[in-house]
Structures are given as C-alpha cells and as structure tokens.
Asker: 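The structure that follows is given in the form of structure tokens.
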Amino acid sequence: MLELSYIRENTFEVAQRLAIKNIDATEMLQQIIGLDTRRREAQTELDNSLAEANIISREVGNLMKAGKASDASELKNRVAELKLQAKELSENLDRLVNEQNNLLVTLPNVPHISVPKGKTPEDNQIVHSEGEMPVLQPDAVPHWELATKYDIIDFELGNKVTGAGFPFYKGKGARLQRALINFFLDNAIAAGYLEIQPPLLVNEASGYGTGQLPDKDGQMYFCQVDKLYLIPTAEVPITNIYRDEIVKATAFPIKNVAYSNCFRREAGSYGKDVRGLNRLHQFDKVEIVQIQHPDHSYETLEEMREYVSTLLRKLELPFRVLKLCGGDMSFTSSLTYDFEVYSAAQQKWLEVSSVSNFESFQANRMKLRYKDEFGKTRLCHTLNGSALALPRIVASLLENNQTSDGIRIPAALATYTGFDLLT
RNA sequence: GGAGAGAUGGCCGAGUGGUCGAAGGCGCACGCCUGGAAAGUGUGUAUACGCCAAAAGCGUAUCAUGGGUUCGAAUCCCAUUCUCUCCGCCA
C-alpha cells in the first residue's frame, strides 16, 4: 500500500510512474485525495465534539463531589447530546476511512524510475547473461523422461495420492532435493543470513501484510475450519515476523533465510508449461528476505542479485537476468529481477528466482517501521528473493548434465549429494 | 475434546467507576560521577490520527478485539479471539 502522504504530495509523479505498469490511475488518485480531505474534516469535527464532552464530564464530576448533584443534570443532558452527535460523526468517519482504504489497497506499488515500460514478458530487459550453453547428444530427453529412467521422481504416484502437481521424489531424487536445500541454506548463512524455520500456514493478517491478500486470494490454499492459508512462499511468514514492529535503525540490514515448502493453486495457468517440474502445486524453495533502511535498499537489491548469481555459477547453469517491464511486474514490487536458467532438452528458459525491492509498500501494510536519527518513525524497505526455487533447478540440472553414463552432478553440489554421477 | 485461570506500555507488574496514557521496577538513551569501567546518581523513554506553514504546543483515540451500561470505564456487563494450567488424546 502506498503511503497517503506520498500520494498527496506527489500525485502527478505517482500517476506517471503507475503508467509504466500500464495503469491509468489519475481518476482514482483524485478520488483518494478528495476522500482524504473529507476524512480529515470529519476527524477534526469528531475530535472537537468529543473534546467538549470530556470537559463537561469533568465538570459533572466536580459538581457531584461538591454535592451539587442537581446542578449537574443539565450538563449531563448536554453530554448525552454531544455523544449522540459524536456517534454519527464517527460512523461518517469510518465510512470515509473504509472507502479510502478500499481504494488504496487496490493501487499497485509504483515502479522504480528505471523500470522499462512494456506489456508482456517479451518486453523484459535482458540485463545480463552468462554460462555456456550445453551441447546435448541427439538422443537427449527432457527431465520428466529422465526422472522415470532413473526412478527419482514419480509424477504418477503424486497423481494417485494427491493430484497433479504433487510429485514424489525417490531415492537419489530425494537425496538431490535435500542436497540442494542444504547447499542453498549453507551459502546463505555464509553470506550473513539468519536461518529461520517458519510455520507453513499463516493467518489472514499475514497474507494481507505481504500483499497476497486481497489481491491474490484464490491463489492460496485455504484451510476453512481454522481460517489459515498455506504459504505460497516463505516470504509471507518471514516478512510478517516484523509486522507491527519498530526496529532499531542499528539493526539494518536484517537478513533472514528460510527453507520452506510452497503451496500454490496456480488457478488459471492450466495447460501451459506444466509438464514435469515446470509448474507444481507444492515445491521447495529457499527464500532470502532483507529489511533495510530506505536509503540503502537499492544497493541491497544489487547485492542480492549478485548473491543469486553466485549460486547459479556454482551450479554451473547457464542463466540470464531480466529486469521486468512494468506490465510483467507484480502488484507489490518496485523493481524486480528475474533469473532464468536454460533447460537444454526442453530448449526453454525457466524462471528460478525473482528478486524484488518492495520499497515501503509491504512495510506500510504491515506497519514495519524504524526510528530515524531525529526520532521520527518511518517505514522500512523490504526485499526478498528466491535463492533458489528447487524444481526448475532440478529440471535444468537433469537435462543439461545428462550423459550416456548418467547425470553429472556439479562439484559444488556433489559434496552434498555424496555422489557426482546420478545413475 | 472437558474443567479452570488469565490478557495492562519493549519486558515485569500495580491499579475495581472520576484530571489514569496509566504507580513502581527492569531494560534502553543521554548526562554526572570514574584514569577507564562497574556500582551509584539525574533526566528522558508508547503509537496512530487531527489542528498548525513547521517546530513547540494542543486535541482525539488506544490497557486483547467488538459492542453495551454510565455525565464519566483499564476498572462494571455481553460477545469474540488468543494465552496459560490440569485432565483426555497424541508425533
């Protein structure tokens, strides 16, 4: 959620920057500002009315103590009148606040000034690419066939026990999962992140705090009886640790890493790129989250981008980095880098990480603040990124490293798997 | 699931109808003391919104949440949520 004061003072700029996301918000911004004026008037009216009632009540108290109860009755009536009035004023104020909030929540974050305008993924900017494109044998096959050949991932079994998008990992496949998780966690810890194991279900307030609600209701699995959501990413519980907190400025940057299962309904994306591991309802991911001072969040974004690059380098996967265009960015983000690895048998670039700066958008929703050097309370900036999501990494590892002898495991990972050739 | 107890500021904890945003302590910040530190000591230390060009200041709200009683509620009543203890079940 954008800050009201920011909208009020930079209305034109907000509209201009939202246009990068192909959103014409001019009218809505005017509405919000109009409501804001009325809201403040209503607030003042209500406060005045209550203030008067408070003064009179105190007088009544004094009269009672002095034993002049009879003199108090007229004052009592006056207070009753004021209270009645205050109730109406308060209802009016609530209406205005609600109306304004409903508008504010539907307004996406403003993109960073450097974000390219554009509508589709084709308009994303490739800002970096590295690694050698693998040359495969003519008989090379996609990962879902390799999964069956080596009996390491069982999609059919997942269909039987749960449904599509919930595979079983078996034997060396399970081992590979575990190795990747540890590899990612150990690297993050070495880079200064604090490891955290979060709950996999969160309440409504948390879903709202990171922006999944109300925008993406329906994309999360929901446990009706307990009113809890299965997390689509560890970002949700981890960032919400700091909900309603005022952190010390000396604590910056706060760096957390968490491994978790992620659950996504993926409603509306059936039939497209869903073969094998490309799109699952449940998958594993290691997520890094940082809370940072507003002046340093973009340096931090670059640092996180570099960190993710080192992981892919160690895994010897060819990858490229995209700066997302306005139209392809998420609702909550100001600037997002997507990482894609090349999966050679499918001949496809697969997204394996998304690193974003949300500036104060999430912080405003969840009231995550710090005290500046003047003692003023201000909103923090939040950032996060996948480091990394497992399934597509596995897909490309399998496809790119297939040989007639088995699947070659990169050296950095072999320490974790305990084998350097998967047979 | 059954029975009971409870929810007050960063933390502990007092407060059962009237200047209570809330005693006291701890913690924290700054100062004094000290060669330096500890101890000691002094001062300060919630958040949101509104008024004001802004600061100072003032006003309003907030003692889990929502409603109610009352001229007046942290304090009384109702509902909800959550936490704890015991019993049951259980990895």
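Reckoned from all heavy atoms, side chains included, excluding hydrogens, waters and symmetry mates. We name chains A, B, ... by the order of the sequence lines, and we start the count at 1 in each one.
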Asker: Using a 4.0 Å cut-off on heavy atoms, which residues in residues 246-254 of chain A reach RNA chain B? List them by number, or say none.
Answerer: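 The answer is I246(A).
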Asker: Between D226(A) (side chain) and L228(A) (backbone), is there a donor-acceptor pair under 3.5 Å?
Answerer: no
Asker: Represent RNA chain B in dot-bracket notation, 5' to 3'. Only Watson-Crick or G-U wobble pairs with both distances under 3.5 Å count; pseudoknot-style crossings use [ ] and interstrand partners use |.
Answerer: ((((((((.[[[..)..(.....]]]((((((.......))))))((((((.....)))))).[[[[[..)....]]]]])))))))....
Asker: Describe the nucleic acid contact of R39(A) in one word from base, sugar-phosphate, nothing, applying a heavy-atom distance below 4.0 Å.
Answerer: sugar-phosphate
Asker: My understanding is that only residues two or more places apart in sequence, or in another chain, count here; which of them pass side chain to side chain donor-acceptor pair (under 3.5 Å) with K314(A)?
Answerer: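 For K314(A) the side chain to side chain donor-acceptor pair (under 3.5 Å) partners, ignoring immediate neighbours, are N187(A).
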Asker: Please output the side-chain donor-acceptor pairs of residues 75-94 of chain A that fall under 3.5 Å, not counting sequence neighbours, one pair per line with the distance.
Answerer:
{"from": "R78(A)", "atom 1": "NH1", "to": "E81(A)", "atom 2": "OE1", "distance (Å)": "3.1"}
{"from": "R78(A)", "atom 1": "NH2", "to": "E52(A)", "atom 2": "OE2", "distance (Å)": "3.0"}

Asker: For D24(A), give me all partners under side chain to side chain donor-acceptor pair (under 3.5 Å), at least two apart in sequence or on another chain.
Answerer: T26(A)
Asker: With a 6.0 Å cut-off on the ring centroids, do Y370(A) and F252(A) count as close?
Answerer: yes
Asker: Within the side chain of D372(A), is there an N or O that forms a donor-acceptor pair under 3.5 Å with the backbone of K376(A)?
Answerer: yes
Asker: What nitrogen or oxygen pairs link the protein and nucleotides 58-64 of chain B at under 3.5 Å?
Answerer:
{"from": "rG59(B)", "atom 1": "N2", "to": "D47(A)", "atom 2": "OD2", "distance (Å)": "2.8"}
{"from": "rU60(B)", "atom 1": "OP1", "to": "N54(A)", "atom 2": "ND2", "distance (Å)": "3.2"}
{"from": "rU60(B)", "atom 1": "O2'", "to": "D47(A)", "atom 2": "OD1", "distance (Å)": "3.2"}

Asker: Just jot down the side chain to side chain donor-acceptor pair (under 3.5 Å) partners of S386(A), sequence neighbours excluded, or say none.
Answerer: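 With neighbours one apart ignored, the set is empty.
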Asker: Going by the rule side chain to side chain contact (heavy atoms under 4.5 Å, CB included), which residues pair with K255(A) if we only count those two or more places apart in sequence or in a different chain?
Answerer: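 By the side chain to side chain contact (heavy atoms under 4.5 Å, CB included) rule, K255(A) matches Y193(A), P253(A), Q290(A), E303(A).
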Asker: If I pick the C1' atom on rG13(B) and the same atom on rA61(B), what distance separates them, to the nearest angstrom?
Answerer: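 Rounded to whole Å, the distance is 25 Å.
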Asker: Who passes side chain to side chain contact (heavy atoms under 4.5 Å, CB included) against E3(A), sequence neighbours left out?
Answerer: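 Result, side chain to side chain contact (heavy atoms under 4.5 Å, CB included) vs E3(A): S5(A), Y6(A), S360(A), N364(A), L379(A).
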Asker: What N/O pairs connect the protein and nucleotides 89-91 of chain B at under 3.5 Å? Give each pair on its own line.
Answerer:
none

Asker: Could you pull out all residues at least two apart from R243(A) that satisfy side chain to side chain donor-acceptor pair (under 3.5 Å)?
Answerer: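 Only S206(A), N240(A) meet the side chain to side chain donor-acceptor pair (under 3.5 Å) criterion with R243(A).
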Asker: A414(A): which residues meet the side chain to side chain contact (heavy atoms under 4.5 Å, CB included) condition with it, sequence neighbours left out?
Answerer: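 I409(A), T417(A), D420(A).
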Asker: Would you please indicate yes or no on a ring centroid separation below 6.0 angstrom for F358(A) and H381(A)?
Answerer: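 No - the distance between ring centres of H381(A) and F358(A) does not fall below the 6.0 Å cut-off.
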Asker: Does the cation-pi check pass for R365(A) over Y208(A), that is, NZ or CZ under 6.0 Å from the six-membered ring centre and within 45° of its axis?
Answerer: yes
